[in-house]
Amino acid sequence: SLVLTNADFAPIVTVKVVKLSLAHGMTPMSAIGFVYFGSMLASIGEIEEGYRFVKLAMNMVKRFGCKEVSGEVIFVATQTIIYREPMQTAHELYTEGHTAALEAGDIRNAS
């Protein structure tokens with residue numbers, strides 16, 4: 001997880017992942033950068049912009065089928081989506097993220 005590595009560097013790494021993805025093309029791992037970027041935007045009050053990036057990340061996970069990061073992307077996305085969508089939707093996403101993390105062997109996000 002990006003945040004567990006070193007929380008102080010998380011914003012720098014997040015922006016770098018987004019810039020690299022925009023400059024050189026999307027990869028399945030780009031979703032991690034976009035979801036954290038959206039979460040960062042929402043945390044500073046830019047909820048609409050953050051929501052758009054989070055939705056982009058969610059769509060990327062579905063499009064690329066990247067199961068390795070889907071649990072983490074869904075969990076981080078849920079923290080922003082809750083501001084825009086009904087609580088039931090967030091709960092369903094949380095459950096989906098838990099299942100995806102379990103299937104990928106992502107113990108941190110499955111617990």
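Because only heavy atoms are used, hydrogens play no part in the values below, and waters and symmetry mates are left out as well, while side chains stay in.
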A.B. asks: Any idea which heavy atoms bring Ala104 and Lys67 closest together, and the distance?
C.D. replies: CB-O, 3.3 Å
A.B. asks: Salt bridge (charged side-chain N to carboxylate O under 4.0 Å, His left out) with Glu85: which residues, sequence neighbours excluded?
C.D. replies: Lys55
A.B. asks: Rounded to the nearest 0.5 Å, how far apart are CE of Met87 and OH of Tyr94?
C.D. replies: 13.0 Å
A.B. asks: Give me the atom names and distance for the closest heavy-atom approach of Pro28 to Val69.
C.D. replies: O-CG2, 4.1 Å
A.B. asks: Testing the basics here: between Phe75 and Ala101, what is the closest heavy-atom pair and its distance to 0.1 Å?
C.D. replies: CE1-CB, 4.4 Å
A.B. asks: His24 versus Leu20: any side-chain heavy-atom pair under 4.5 Å?
C.D. replies: yes
A.B. asks: Picking from Asn59, Val35, Ile47, Val76, what satisfies side chain to side chain contact (heavy atoms under 4.5 Å, CB included) with Val54?
C.D. replies: Val35
A.B. asks: Can you measure from OG1 (Thr80) to CE (Met58) and round to the nearest 0.5 angstrom?
C.D. replies: 11.0 Å
A.B. asks: Could you state the interatomic distance from CD (Gln88) to CD (Glu92), rounded to the nearest 0.5 Å?
C.D. replies: 4.5 Å
A.B. asks: Let me check something: do Leu56 and Val18 share a hydrophobic cluster, defined by ILVMFWY side-chain heavy atoms less than 4.5 Å apart, either directly or through other members?
C.D. replies: yes
A.B. asks: Kindly determine whether Ser30 and Thr27 satisfy side chain to side chain contact (heavy atoms under 4.5 Å, CB included), including the steps that lead there.
C.D. replies: CA-CA 5 Å; Ser30 297; Thr27 71; 3.4 Å; yes
A.B. asks: Nearest 0.5 Å, please: how far is CZ in Arg52 from CZ in Phe37?
C.D. replies: 12.5 Å
A.B. asks: Just jot down the side chain to side chain donor-acceptor pair (under 3.5 Å) partners of Glu68, sequence neighbours excluded, or say none.
C.D. replies: none
A.B. asks: Mind checking whether Ile32 and Leu93 sit in one hydrophobic cluster, side chains of I, L, V, M, F, W, Y counted as touching below 4.5 Å?
C.D. replies: yes
A.B. asks: Taking only residues two or more places apart in sequence or in another chain, which ones pass side chain to side chain donor-acceptor pair (under 3.5 Å) with Ser39?
C.D. replies: none
A.B. asks: Hey, does Lys16 have a side-chain heavy atom less than 4.5 Å from the side chain of Phe9?
C.D. replies: no
A.B. asks: Looking at every heavy atom in both Thr14 and Gly33, which two are closest together, and how far apart are they?
C.D. replies: CG2-O, 3.4 Å
A.B. asks: Going through the checks in order, is the side chain to side chain contact (heavy atoms under 4.5 Å, CB included) test met by Phe34 and Leu22?
C.D. replies: CA-CA 10 Å; Phe34 285 107; Leu22 293 173; 4.2 Å; yes
A.B. asks: Quick check on Phe64: does its CZ atom have over 12 non-hydrogen neighbours (other residues, nucleotides or ligands) under 6.0 Å away?
C.D. replies: yes
A.B. asks: Do Val73 and Met60 make a side-chain contact, defined as non-hydrogen atoms from C-beta onward lying under 4.5 Å apart?
C.D. replies: no
A.B. asks: What verdict does the side chain to side chain contact (heavy atoms under 4.5 Å, CB included) test give for Glu46 and Phe53, after you've listed the backbone C-alpha separation in whole Å, the side-chain angles of each residue and the deciding distance to 0.1 Å?
C.D. replies: CA-CA 11 Å; Glu46 297 293 332; Phe53 277 98; over 6 Å; no
A.B. asks: Locate the shortest heavy-atom distance separating Ile74 from Thr78; write the atom from each residue and the value.
C.D. replies: O-OG1, 2.7 Å
A.B. asks: Mind checking whether Ile81 and Tyr51 have side chains closer than 4.5 Å, heavy atoms only?
C.D. replies: yes
A.B. asks: Nearest heavy-atom pair of Gly71 and Ala100: which atoms, and what distance?
C.D. replies: N-CB, 3.9 Å
